[in-house]
Amino acid sequence: MSDVMYAGESALEAYGLGMRYRRGWALRDCSFRLPAGRICGLVGPNGAGKTTLLSIAAHVLEPTHGSLSLFGEAPGSVESGRRTAFLAQEKPLFRRFTVAETLRLGRELNPGWDQRAAEDIVRAGNVPFDAKISTLSGGQRTRVAVALAFGKRPDLLLLDEPMSDLDPVVRHEMMGTLLAEASERGTTVLMSTHVLAELENVCDYLVVVSGGGVRLAGDVDDLMSVHTLVTGAREGEGLPAALGHHTLVESRTSGRQFTALIRPEGPVTGPWETDTPNMEELLLAYLRSPDAPPLITPTAQVQGQAFGTGTVAA
Amino acid sequence: MVTVEYRIDRRSGVPAFQQIVQQTKQALRLGVLVPGDRLPTAKEVAEVSTVNPNTTLKAYRELEREGLVEPRPGQGTFVRRTLGRPETGTDSPLYGELVAWMAKAAGAGLEQDDVTALVASAMDKQYAAGTTAATGSTGATTTRSSTGE
Amino acid sequence: MSTFTSTSTGTTSDGGNGTMSATTTKAGRRPRLSGMTWLVWRQHRAGFWAILAAAALSVAWMVYQRGRMTDFLDGFGYPAKNLDEVGAEFQQYHDAFSRVATGLSAIPILLGVFLGAPLLAGDLENGTAKLVAAQSMSRTRWLATKLALAGLVVVVSTGVLSAVFGWWWNPVKSEVTVLDWTSAEAFNNTGPVPVALTLLSVFGGVAIGAVLRRTLMAMVVTFGFTVAVQLVWSYFMLSLGNVITVTTNKGVMDENSFPSLPKAVYQLDESYLTSSGDLLGWSTCSDGATDAARELCLKKADVVGWSVDYLPMSQMNGMQWFGASILFALTAGVAAFLFFWGRKRLV
């Protein structure tokens, strides 16, 4: 089972969170919990509500329904403002400022500012301090923006697709920096992305948002242990009858073979191969099957969350 | 100075923490890590191999449980004892015989895949009870790549 | 390795290679701004300096023009001699006023469009509003600092321009032929009026930019707004004063029957006054062939004298302050709107 190393404090809790626009719902009835200290991947197709969720947490948007709390406080409060850092998708920076002036922005506007830490992140990427932001490459700008976020010494770091428009080498570097800094300070990270391959081994917590709702939430270890990938000879369309009593996430047939991702309700016996899915397979299955019953592990449930949303026997 | 660099094969189906445990043991066997060496911190591993720090810590706890490493508070995680036997070093006579045999096989026209198949078959015969946890291919890759500076 | 070199005169942290010092690079020569004030000033400093520099240049120009004019007037012998006799020689000085006044009248529009409209719209459009909001200071504080600094620059520059223009006009203030005090050129560019007009235009532009969130669109709409302000102001300008009515009872035929008015008044209306207090247009009975015929006509109409409505120049100051206070009140309303509306939406 998961090795819960941290105190049970919640970094983020969402209660029936909803965001309604004239053209529809961006988020609808989302409830989940993110324990402190996790590196969490927020996954979902474009337009699923990832940016909306992060914006609400960052106090950029107000939800139309439900609420969200950060370390027990509302997103607009002074307390959560100090403990949270947000990096928006467009990674906004003042283009005419130099790197040094950008860091000064952080120093002037944040009481708990760690100038040294911010400088170290910038220096590690060989970014000159006196260069204007507009002359920097995408990767360098992301690095400065990340330095700005970490200089605030946040307890929760919200990142909206931080690796988009970065080339592979820079991506790897930035992810490494992110992980190193977060591990050093015990920062909780909530990072949205739609590049699944990057998450493997990086995230120890997952939240899948699809069609405005939470489909999957919990520690990676817990999630892996309750899913089984079953392959075998196909019996007509869909799942063979013998497997019918297990919870089905997704099943596919091709030729004479079927492949299914299930949440077993008991031993899986029969003439099939079973295996543990890797993270990408798990995520893809949930993203491809919006009608699958959602799974919110007990660690990821907020108080009072109904058991009917698909629990796992811990 | 980083003693060893872990290479995580994300596609192998083996959990990352287990790969770290295996690669550490491999390094110990080959003498790349000796008692007293400091293992890279979770932060260093995270930065270089983009692995979640908890994963590294989990691996180190497993190694500690097996008595191979010990954490020293404030200083890091250090190697406690070696897995290497004189016979397993690259300067041992067994290794020399292996190298000679390889040359012979290559001289006889065997390709690398043929050699792998022969070796695997011989290994299965010898260690029929099944001792290695890794699948054959993973073992090979970690041997090649777990040598650090 | 970093290529940043610190040129500060005093460092607080270690001066190791590549470490930024905690003090500003020009420590000791300039007052050190901190916090939100530093950010707003740094972001808009190009615009602020441009405005202050343009104001300084205009002041220099006006001082120069005044010098030329007073030299001429001294040579001419004014105010002992009447200015009506100067003729065409004075035209250039007269034109100088017109040209500068035209330039000054453009200031509320220019500042509204180029300072006010982009002040918040720029940040909202390119996302830097989110960057600032993600730091530890409240959005209200950001808004207040933006309005305060922009307002300060506006008040200082327009205030100085107004004072210097008034000082330039002062020697010939009572000469209606040079500059009529009720004209927009004089009324809108002296006293508190240019400050109030510009401040309202700029704050209005800020509000428009905050609502529209797009810089270019905000600039266009603000242009319309500032022009509208000017039009409305010019329409209501004269109603700010208390009209004085003076009546006579010496008939209207005589040359001396017209009441003597103070110098440089603005005449609004002149009418014939009947004994019952009614007013008749001054063209009444003007179609009589002879004086006698007209006198008879006037007697029949029971005209006893003149009734003249005017605004004396002594009211100018009062009118300007009255009008300016209305504009300031509107500006305060715009600011209040921004604070209440912007609390949730300035990001």
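Reminder, nothing fancy here: chain letters follow the sequence lines and each chain counts from 1. All heavy atoms count here, side chains included; hydrogens, waters and symmetry mates do not.
- Proximity to chain B (any heavy atom under 4.5 Å) is shown, for E173(A), by neither the backbone nor the side chain.
- The minimum heavy-atom distance linking R38(B) with Q75(B) is given by the pair CD-O, 3.5 Å.
- Side-chain atoms of K152(A) do not come within 3.5 Å of backbone N or O of G106(A) as any donor-acceptor pair.
- Of the listed residues (A46(B), P15(B), S49(B), P53(B)), the one with the most heavy-atom contacts under 4.5 Å to chain A is A46(B).
- Looking at T193(A), its side chain does come within 3.5 Å of a backbone N or O of V195(A) through a donor-acceptor pair.
- Judged by the 6.0 Å and 45° rule, R215(A) forms no cation-pi pair with Y286(A).
- Only the backbone of V48(B) comes within contact range of chain A, with at least one heavy atom under 4.5 Å from a heavy atom of that chain.
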